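Values reported hereafter were calculated over all heavy atoms of this structure, with side chains retained and with hydrogens, waters and symmetry mates removed. Note that this is a predicted model, so its numbers are computed, not measured.
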Amino acid sequence: MTNTPHAEFSTQYAADVEALIHECRDDWVGFSTITSTAASYVRDFTVTEPIKSLSLRIISDMLDAGVEAGDLTNATERGFAPWPPHKQAVLQKISDEFDHYPHGPVSGEICWFTSD
């Protein structure tokens with residue numbers, strides 16, 4: 001994958017990210033949804049570094065659109081404890097945690113995503 005994707009990739013990628021953002025407005029979104037989206041572009045579910053890289057790009061775009069990363073919890077009325085809103089810190093934390101899952105994180109691992 002290059003830094004300047006083909007127009008077809010850009011159009012589909014934008015639509016896929018928008019769909020994820022919309023899904024975050026309806027419910028908490030787990031990691032498997034994001035890694036599955038990334039894997040569909042990489043076209044190899046066993047290659048973790050390209051999937052990780054694209055997953056982080058997707059998450060970055062989601063954060064830019066107001067999506068929050070955080071943990072599910074019973075401690076708040078909302079049922080969700082957002083991580084601090086520092087984008088680079090969130091991406092770094094996710095990147096560090098991603099490496100603990102040799103086959104990639106699935107829903108319930110690392111964090112959840114939501115948007116009000």
List the atom of W28, the atom of G79, and the distance in Å for their closest heavy-atom pair.
CZ2-O, 3.7 Å
Would a single hydrophobic cluster contain both V67 and F80, if residues Ile, Leu, Val, Met, Phe, Trp and Tyr are joined by side-chain heavy-atom contacts under 4.5 Å?
no
Going hydrophobic residue to hydrophobic residue with side-chain gaps under 4.5 angstrom, can you get from W83 over to W112?
no
If hydrophobic clusters are built from ILVMFWY residues whose side chains come within less than 4.5 Å, do I110 and L72 share one?
no
Check step by step if side chain to side chain contact (heavy atoms under 4.5 Å, CB included) holds for C24 and M62.
CA-CA 9 Å; C24 287; M62 290 169 61; 3.6 Å; yes
Compare every heavy atom of G104 with every heavy atom of F98, then report the nearest pair and how far apart it is.
CE2-CA, 4.3 Å
Determine whether the aromatic ring centres of Y101 and F31 lie less than 6.0 Å apart.
no
Distance-only, no hydrogens or angles: does the T33 side chain make a donor-acceptor pair with backbone N or O of V29 under 3.5 Å?
no
Might you point out which heavy atoms bring C111 and I94 nearest each other, and give the distance in Å?
SG-CD1, 4.0 Å
Are there over 12 heavy-atom neighbours, none belonging to N74, within less than 6.0 Å of that residue's CG?
no
Can you confirm if the NZ or CZ of R57 lies within 45° of the ring axis of Y13 and under 6.0 Å from the centre of its six-membered ring?
yes
On a heavy-atom basis, which atom in D27 and which in T114 lie closest, and how many Å separate them?
O-OG1, 4.4 Å
Quick one, K52 and S95 - any side-chain contact, counting heavy atoms below 4.5 Å?
yes
Return yes if some donor-acceptor pair links the side-chain N/O of E109 with the main-chain N/O of V106 below 3.5 Å, else return no.
yes
Donor-acceptor contact present, side-chain S55 to main-chain I51, <3.5 Å
yes
Can you tell if the side chain of S115 reaches within under 4.5 Å of the side chain of E68, non-hydrogen atoms only?
no
Considering non-hydrogen atoms only, spot the tightest contact between I21 and A65 and give its length.
CD1-CB, 3.4 Å
